[in-house]
Structure formats: structure tokens, C-alpha cells
Amino acid sequence: MEQNMTTLIMIFGATGDLAKRKLFPSLYRLFERGRIANRFAVIGVARRPLSNDQFQQSVKDSVTSALGAKQNLDQFASHFYYQSHDVTDSNSYIALKKLADEIDTHNHLEGNRIFYLAMAPEFFGSIALHLKADGLTNVKGYKRLVIEKPFGHDLESAKELNEQIRTAFSEEEIYRIDHYLGKEMVRNIEVIRFANAIFEPLWNNRYISNIQITSSETLGVEERGRYYESSGALRDMLQNHMMQIVALLAMEPPISLTTKEIRLEKVRVFRSLRTIKGEAVNDYFVRGQYGEGEIDQKKVPKYRDEPMVNNESNTETFVAGKVMIDNFRWAGVPFYIRTGKRMETKSTKIVIQFKDIPMNLYYRPEKELSPNLLVIHIQPEEGITLHLNAKKAGSHLDAQEVKLSFSNTGTYAMNTPEGYEKLLFDCMRGDATNFTHWDEVAYSWAFVDEISKVWDQTKGDFPNYDAGTMGPKAADELLEKDGFFWWPINNLDVDNCR
Ligand SMILES: NC(=O)C1=CN([C@@H]2O[C@H](COP(=O)(O)OP(=O)(O)OC[C@H]3O[C@@H](n4cnc5c(N)ncnc54)[C@H](OP(=O)(O)O)[C@@H]3O)[C@@H](O)[C@H]2O)C=CC1
Ligand SMILES: O=C1O[C@H](COP(=O)(O)O)[C@@H](O)[C@H](O)[C@H]1O
């Protein structure tokens, strides 16, 4: 893997929300930690007219607003340039190439280029084609394309987009970003599984009864109503973030930790997904849309009253499903996943529920022994909790549930870096392990398309959950019919140990 951090990053959509909230602060943190040397430059691209000074000021403002007052901000911002450019206008690329070549030569950037597409996905394909046609990719160093989600709207559009970007970049040069793969505890899944002799032998259908993955948000759609109306929770969260977590939990140990081997194993999981189609969709998947409710003691409107949302919208803001992986290791083990907006709490957690022991010697017959759980806390807290049974102090032989916890924040006493910081750094190093390969995207869309095909044709009974709750009743029933229930995520806090 290369360790060449000398690079010119072109951010398309540099005045947008993602650039301000995530990309500039992440680049600052890399700069602050000395991970990118002084030989880097950023060209921000967007339509509105801004001078370099104005752009640098907006970069400084976004760093301060995300990270608080910081040192060396002027020095950091001096690496930023701005080009007012409409990506639909072919002539603009000529001027952009000229600027890029000048900055490259002036800063000795060795012709290394990262093109970061942080704007609406409808532009992705044509930007990639222009970059090649107008010579911006014609460099003596490396060229890499970082592409934001959503990668297409369904398999067909994803294929079309892929073909367009592949005319300008090879698969190895394409970094399809999924910011969940930058989260510290998502990256930790593989280490927890493959570096612990106590887990890997149990990691299969003989010992695990079910796995639950919840990613709940308290936010609504905010200003993104127009995008969300054509996306919904299924395409916005499940097709990418949730399915990636399933793959990491379910994959076989790779023969080595290279990008190629890890991706191969993840793809094998996607290939083993049980296809759910037609009438079966509603047995395996549940959709919801939020009505009015209360969050943090404030009244919030229903989804259909949000800006840029159709007042009869059929878009789901919640999805829960049972994913089955039909292979030797996982046959019969349901992976329950749920995600939604305007839920009770902001939390992403994985609960691995182990099967019951064959016989309970310790509780009285009327009391059941608690199952062992391994909880992986992805956010906001980061850590692991193992739920065990141990003798109740002072009792004869009664057992009680105890929790062994590891808290990432507590151990290192610092905030772990944002996902984007890690992913940007990985891209500069040429490490694509935590980016999604085309095959993963394609299999995941094929799986999701069968669900949306059914849902697009039938009207949901919406709204069907109140804002501030954990989703519709049907999501609970999905597990109840299998004899399970969602573990209440608020009671699983990493710090909530007995
Ligand atoms: N925001 C977020 O938290 C997340 C965003 N994403 C993805 O990131 C991408 C960007 O999202 P976000 O930042 O929220 O979007 P915004 O709408 O906030 O920003 C869009 C950017 O594109 C620029 N732009 C729009 N049209 C053109 C054009 N024709 N030519 C040149 N520039 C143009 C806008 O600037 P101007 O108007 O000046 O041209 C602006 O800088 C999307 O793909 C989104 O799905 C993914 C995960 C999270
Ligand atoms: O990709 C997306 O993710 C965010 C949730 O990300 P998180 O890191 O805050 O969990 C979600 O709000 C957004 O709708 C979606 O596009």
C-alpha cells in the first residue's frame, strides 16, 4: 500500500452541507495530527462565485463550528483554492484543469489527484466522463475517484452509473464511500471476531440464536425532503450501511487482511442472501412512516408535513427486516435489522444473542436464565458489553445477569475520530478495504430491489408510528412470530453495568 500523502483533492460540491460538516473538519484533523504533510492542496468546486479568501474563510468557519477554536487555522486554510464551476458546463473543466495543473506544479504535488464527488448523485456520471475527456485525469501520479452515496437508485441505475465512471477510472481507482465503514466500532467488528478465541468458535448457527442491528435516529428528514422522497429508509440506510454491517458480521475469516480478500468474503455473504420477493416481502420486511410526536419534549411534525415532502407520501422513514443468510454457518439464524428517522433515541447497536444453555440449574423453575448477549455499541457510545450470568452475591446459588463492559471513550479518554477522517486518510494511502466494491453494491441492490418493487406498487398504511417511538408495532411482531423480541437498546448502555 502506498503511503504517499502528497495530493491534490478536488471537492465537487465544496459549498454544500457534507463538505462543511464533515470533509473540511476531517481534513483539518488529519492536518492537525500531522497525517497530511504540507504538500497537499484542495480545490473546492461549486457554482456560486467565491474568491479564494471567501472560500478559505468558509473552511475556517466550518472547522471552528465542528471542532471549536483551533490552532494553525490560517495555515491549514492556505491550502484551499476555489473554482466557480457548473459541472454541467463543458467549458468549465478546461479552466479547472488549468488551475489544477498550476497548483500541482507550484506545490510539487507529483500529479496525485483525488476527485471527491460531494454533490447530488445525478451529476456523478457526467463529472467522471468530463474529468477524463478534458484531461483532468491525465496525470503522472495516481488518480482516485471518491463517490458519495447513493450509488444509483436501483440495480439498473447503479449499473449505468458504474459504466460511466468505469470509462474514466478503473475499479481499483474508485472509492465508493460508506461512512459507516469509517466508524471505529464498525471497523472493530472484524477484530472482535477474528482476534478472540472465545468468540470465533461460537460464531455460527450452533450457538447464536439471532442477531439484531438497530440504527435509530431522532432527526427527521431536515432539509433533505426532496432526496428522501425518492429514497426512503430502504435505499438511504438499509441498502448500504445496514447491509455492510450484516456482511462484516457474517463473513468468513479472510485468508489475509488485504482489501481483495476481505471484499471477496463480504461478496460471498451477499451471494448467500436469501432473496425475498413477491408476497414474501411483507413476511420478512416491515415499513413505517412517522406521524407527529414528541422528541426531547418538543413537538415535531409528521413526515408528510416536512418541507418538500408530498402530503400523501408513500415513502418509508422506517424499515425493519429479517435477513437470512443461506450458507452452512448461518442457516436458520435470523439477522434482524431496523433503521428509521424520528425514533426514540439516536443509537446504532448490534446485539448478538446466544442460544440458551440446555438446562437451567440455577434459577427457580419460574424464572428464566438470561441469554448471553454480546452487544457492540457503535454510536453514540463506543464499546462492547458481554452479558453473562453469575452468582448473586449473598445468595445460595441464585444466578443474576452481570455485564462486562469495554468502553472505547472511557479507555482512551478521547473522542474517536470521525468516520470521514479515517476514510479520507485511507483513500490517500490507497487503502480501499473500507470502501465498497462494485460487486457488493450490485448484490445489495438486487436484494433491495425486490423489496422496493413490492412497496412501490402498494400503498403503505401511513403514518404508522409516532415520532419519538421505536417504530411501528409490526416491527415488534416480526420478531414475536419467531419467539424473539428487540432488546431495548436504551437498557444496553455500555456504562450501564451492574
Ligand atoms: N450531508 C450529509 O450529511 C450527507 C451527504 N451525503 C451525500 O453527499 C452528497 C452531497 O450532499 P450535501 O452536501 O448534503 O448536498 P448539498 O445540497 O448541501 O450540496 C450540494 C453542493 O453541490 C453544489 N452544486 C449543485 N449543483 C451544482 C452544479 N451544477 N455545478 C457545480 N456545483 C453544484 C452546490 O453548490 P452551489 O449551489 O454553489 O453550486 C453545493 O456545494 C450527496 O450525494 C449526498 O447524498 C451522504 C451522507 C451524508
Ligand atoms: O447516510 C446517511 O446517514 C445518516 C446517519 O448517519 P450517522 O453517522 O449519523 O448514523 C442519515 O441521517 C442519512 O439520512 C443517511 O443519508
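These numbers come from the heavy atoms of this one structure, side chains and all, not from hydrogens, waters or symmetry mates. One is the number of the first residue; the rest follow in order along the sequence. Keep in mind the model is a prediction, meaning the values are calculated, not measured. Start at 1 and go down the list; that is how both ligands and their atoms are numbered.
- Protein heavy atom in closest approach to atom 9 (O) of ligand 2: Lys346 NZ, 2.8 Å.
- In summary, the atoms of ligand 2 found under 4.0 Å from a heavy atom of His241, numbered by their order in the structure, are 1 (O), 2 (C), 3 (O).
- Residue, atom and distance of the protein heavy atom nearest to atom 8 (O) of ligand 2 are Lys183 NZ, 2.6 Å.
- Taking atom 12 (P) of ligand 1 as the reference point, the nearest protein heavy-atom neighbour is Leu18 N, 3.9 Å.
- In Tyr228, neither the side chain nor the backbone holds a heavy atom less than 4.0 Å from any atom of ligand 2.
- Taking every heavy atom of Asp236 and a limit of under 4.0 angstrom, the matching atoms of ligand 2 come to 13 (C), 14 (O), 15 (C), 16 (O).
- A side-chain donor-acceptor contact under 3.5 Å links Ser92 and Asp89.
- For Lys149, a nitrogen or oxygen atom sits less than 3.5 Å from a nitrogen or oxygen atom of ligand 1, counting backbone and side chain alike.
- Where the criterion is an N or O separation shorter than 3.5 Å, residue side chain and backbone included, Lys22 fails it with respect to ligand 1.
- Heavy atoms of Pro150 approach ligand 1 to within less than 4.0 angstrom.
- For Arg21, the heavy-atom gap to ligand 1 drops under 4.0 angstrom.
- Close N/O approach between Thr88 and ligand 1 is not found [any backbone or side-chain N/O within under 3.5 Å].
- Within a 4.0 Å radius of atom 14 (O) of ligand 1, the protein contributes one or more non-hydrogen atoms.
- Heavy-atom proximity to Glu217, at under 4.0 Å, picks out these atoms of ligand 2: 5 (C), 11 (C), 12 (O).
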